[in-house]
Amino acid sequence: MSTTDTVDDAPPGDPVAAWPRLARSALLAVVFVCAACGLVYELALVSLGSFLIGNTATQASIVLSVMVFAMGVGSLAAKPLQPRSVTAFAVVELALALLGGLSVMALYAAFAHLELYTPALIAVAFVLGLLIGAEIPLLMVLLQRIRRQEAGAAVADMFAVDYIGALVGGLCFPFLLLPLFGQLRGALVVGLVNAAAGCFLVFVIFRKALRRSHLVALSVASLVVVATLIAALVLSTRFEVTARQALYRDPIVASARSAYQDIVITERGTGAGPDTRLYLNGDLQFSSIDEHRYHEALVHPAMAGAHASVLILGGGDGLALREVLRYPGIREVTLVELDPEMIRLARTDERLRRLNKGSMNDPRAEIVTADAFGWLRHTDRRFDVIVVDMPDPDDTATAKLYSTEFYAMVRAHLADGGRVVVQAGSPYFAPKSFWCIASTMRAAGLPATPYHVDVPAFGDWGFHLASTRGPVSPAVVPPEPLRFLSAEQLTAATVFPLDRQPLDLPPSTLMDPRILRYAQGEWATY
């Protein structure tokens, strides 16, 4: 049977023949919804990989390239299905709704329990692309079945609606679905919408074009798909808690998923008291057992000079701010943190408040929710001390905060003689990253003095201290005794062993973020 035969074969009383204008509008509306759902599935896979693995550029490249290739394969595979376009479209749409809706849950399970995330991602992206690619040829046949058009006009109508739907889906994902439902439940909700749109087209517009046996089989399949998605939606919270706990050694006591990251707090009892740990996207940020070593080494060498005005970039847990507020001569201190959810937890979670001593609620501190890069571009304020306490540069979002351009802006906001300190990762585990930061700061006019200390939770960890007046030796003049850092300890911290001597590396820039390549390559082996 040819496509032409099916177009001319509508039975008497078929609503497709009776109300072609209404049926055509309904079909284009379904095209719009399907396009929106398809793009959401793509974005959900990219976003999930960014949260779980990091390296947004790589995750986006894998998902988009595999899906686009699979869409081409799906379009070809749909050719022999066109004579049975109604039944074929129903099957494709139900399979797409089921797989797309469950995709985030399935990949999260593969990551948490099986350690097979990347192979599972490629498989899911390929099958989703295959099904999405099959949609348009089948919908085109159905559109022509309602009312014959010139090929060019039909393609123009179809793709115009398809692209508009993709636009809406792309905007809904970050601004509606993620804030309201989160990734896991958002994908399930979109799967239900996808199934509803497909069922509407098949069972309302093309109902009389189906054989009775096909109608019954598709009805049962639709009920199974919808029931599965609803059941997954109901159980999603329990599943997420179980899967998340599988990723961490200690019991999870608090968690939150923001628009920027997955925040987890764990705690277990030890002989030295509770060990509270903060993880962002699975990466350890601190352990309460030894975080004082890191934060004392980060803050106090920079505070040895003038420190009436201080800027902290990052440090949303409030621990660096705690150290800054020890100094009675503080006139103003500003903390710029991107994630409002991290700020909320630091202010309200009893464990974080105990550790940061309520610093995030201190009236002397101004807490700003903003991207540090953008904030520096739009302020003309200058500071005696700038503390850069950013996550490691292992993805594109953070790599820009380790660029020559960023450090040049930091320098421009230092008062004359002002100091800046940068957390720079591990000179032992990631030496290229560590010394690249030094060369990048130097290229921005901030020749830095490197130093490193032992933080048991992290290992050997390093920092770079610089001043607008040139290299400065780390010193410590705290207003009260510290738990870890002393003048002798800090002097020793500037000495590096023979197997970790300085490396002469090119700086990292926005256009050539070599720090990202170094960080991803070095930490991949640990």
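Keep in mind that this is a model prediction, so the values were computed, not measured.
Judged by distance alone, the side chains of Asp392 and Tyr402 never bring a donor and an acceptor atom under 3.5 Å apart. At a cut-off of 3.5 Å, with distance as the only test, no side-chain donor of Arg277 or Ser288 sits close to an acceptor on the other residue. Side chains of Gln261 and Asp339: a donor on one and an acceptor on the other come within 3.5 Å. For the residue pair Tyr260/Asp371, the side-chain donor-acceptor check at 3.5 Å is not satisfied. For Glu291 and His295, the side-chain atoms include at least one donor-acceptor pair closer than 3.5 Å.
The side-chain hydrogen bond (donor to acceptor under 3.5 Å, both in side chains) contacts involving residues 440-463 comprise Gln423-Trp461, His452-Asp460, where partners must be two or more places apart or lie in separate chains. Pairs passing the side-chain hydrogen bond (donor to acceptor under 3.5 Å, both in side chains) check and including a residue from residues 429-438, sequence neighbours excluded, read Ser433-Glu522. Residue pairs meeting the side-chain hydrogen bond (donor to acceptor under 3.5 Å, both in side chains) criterion with at least one member in residues 174-184, sequence neighbours excluded: Ser47-Gln183, Gln183-Arg257. Note on residues 467-478: pairs passing side-chain hydrogen bond (donor to acceptor under 3.5 Å, both in side chains), not counting sequence neighbours, are Asp416-Arg469.
By the salt bridge (charged side-chain N to carboxylate O under 4.0 Å, His left out) test, Arg353 is found to be paired with no residue, residues two or more places apart in sequence or in another chain being considered. When the ring-ring contact (aromatic ring centres under 6.0 Å, His included) test is applied to His464, the partners found at least two apart in sequence or on another chain are Phe434. Every residue two or more places apart in sequence or in another chain was checked for a side-chain hydrogen bond (donor to acceptor under 3.5 Å, both in side chains) with Asn361, and none qualifies. Looking at residues two or more places apart in sequence or on another chain, you find no ring-ring contact (aromatic ring centres under 6.0 Å, His included) involving Phe239. Applying the salt bridge (charged side-chain N to carboxylate O under 4.0 Å, His left out) test to Arg419 and every residue at least two apart in sequence or in another chain returns nothing. With sequence neighbours excluded, no residue satisfies side-chain contact (heavy atoms from CB on, under 4.5 Å) with Ala231. For Ala370, the side-chain contact (heavy atoms from CB on, under 4.5 Å) partners at least two apart in sequence or on another chain are Val336, Val368, Trp375. With sequence neighbours excluded, no residue forms a side-chain contact (heavy atoms from CB on, under 4.5 Å) with Pro174.
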I would like to know whether Ser255 and Ile265 meet side chain to side chain contact (heavy atoms under 4.5 Å, CB included); could you show each step before the answer? CA-CA 6 Å; Ser255 64; Ile265 302 173; over 6 Å; no
Would you sort out whether Thr398 and Asp395 count as a side-chain hydrogen bond (donor to acceptor under 3.5 Å, both in side chains), showing the intermediate values? CA-CA 6 Å; Thr398 53; Asp395 63 29; 2.9 Å; yes
Go through the steps for Phe406 and Phe373 under the test side chain to side chain contact (heavy atoms under 4.5 Å, CB included), then give the verdict. CA-CA 7 Å; Phe406 178 74; Phe373 197 100; 3.7 Å; yes
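Of the charged side-chain nitrogens involved, none lies within less than 4.0 Å of a carboxylate oxygen, so that Glu323 and Arg293 do not count as a salt-bridged pair. Ion pair Glu405/Lys400 not flagged as a salt bridge, since none of the NZ, NE, NH1 or NH2 atoms sits closer than 4.0 Å to an Asp/Glu carboxylate oxygen. Salt-bridge annotation for Arg322 and Asp362: absent, with no side-chain N of the basic residue lying under 4.0 Å from a carboxylate O of the acidic one. Under 4.0 Å is where a charged nitrogen must lie from a carboxylate oxygen, and between Glu366 and Arg381 at least one such pair does.
None of Ile367, Val385, Val324, Val387 except one satisfies the side-chain contact (heavy atoms from CB on, under 4.5 Å) rule with Val333; the exception is Val324. Each of Leu345, Thr266, Thr276 was checked for a side-chain contact (heavy atoms from CB on, under 4.5 Å) with Arg351, and the lone residue meeting it is Thr276.
Using cut-offs of 30° and 60° for the angle between ring planes, the Tyr327 and His300 rings count as tilted.
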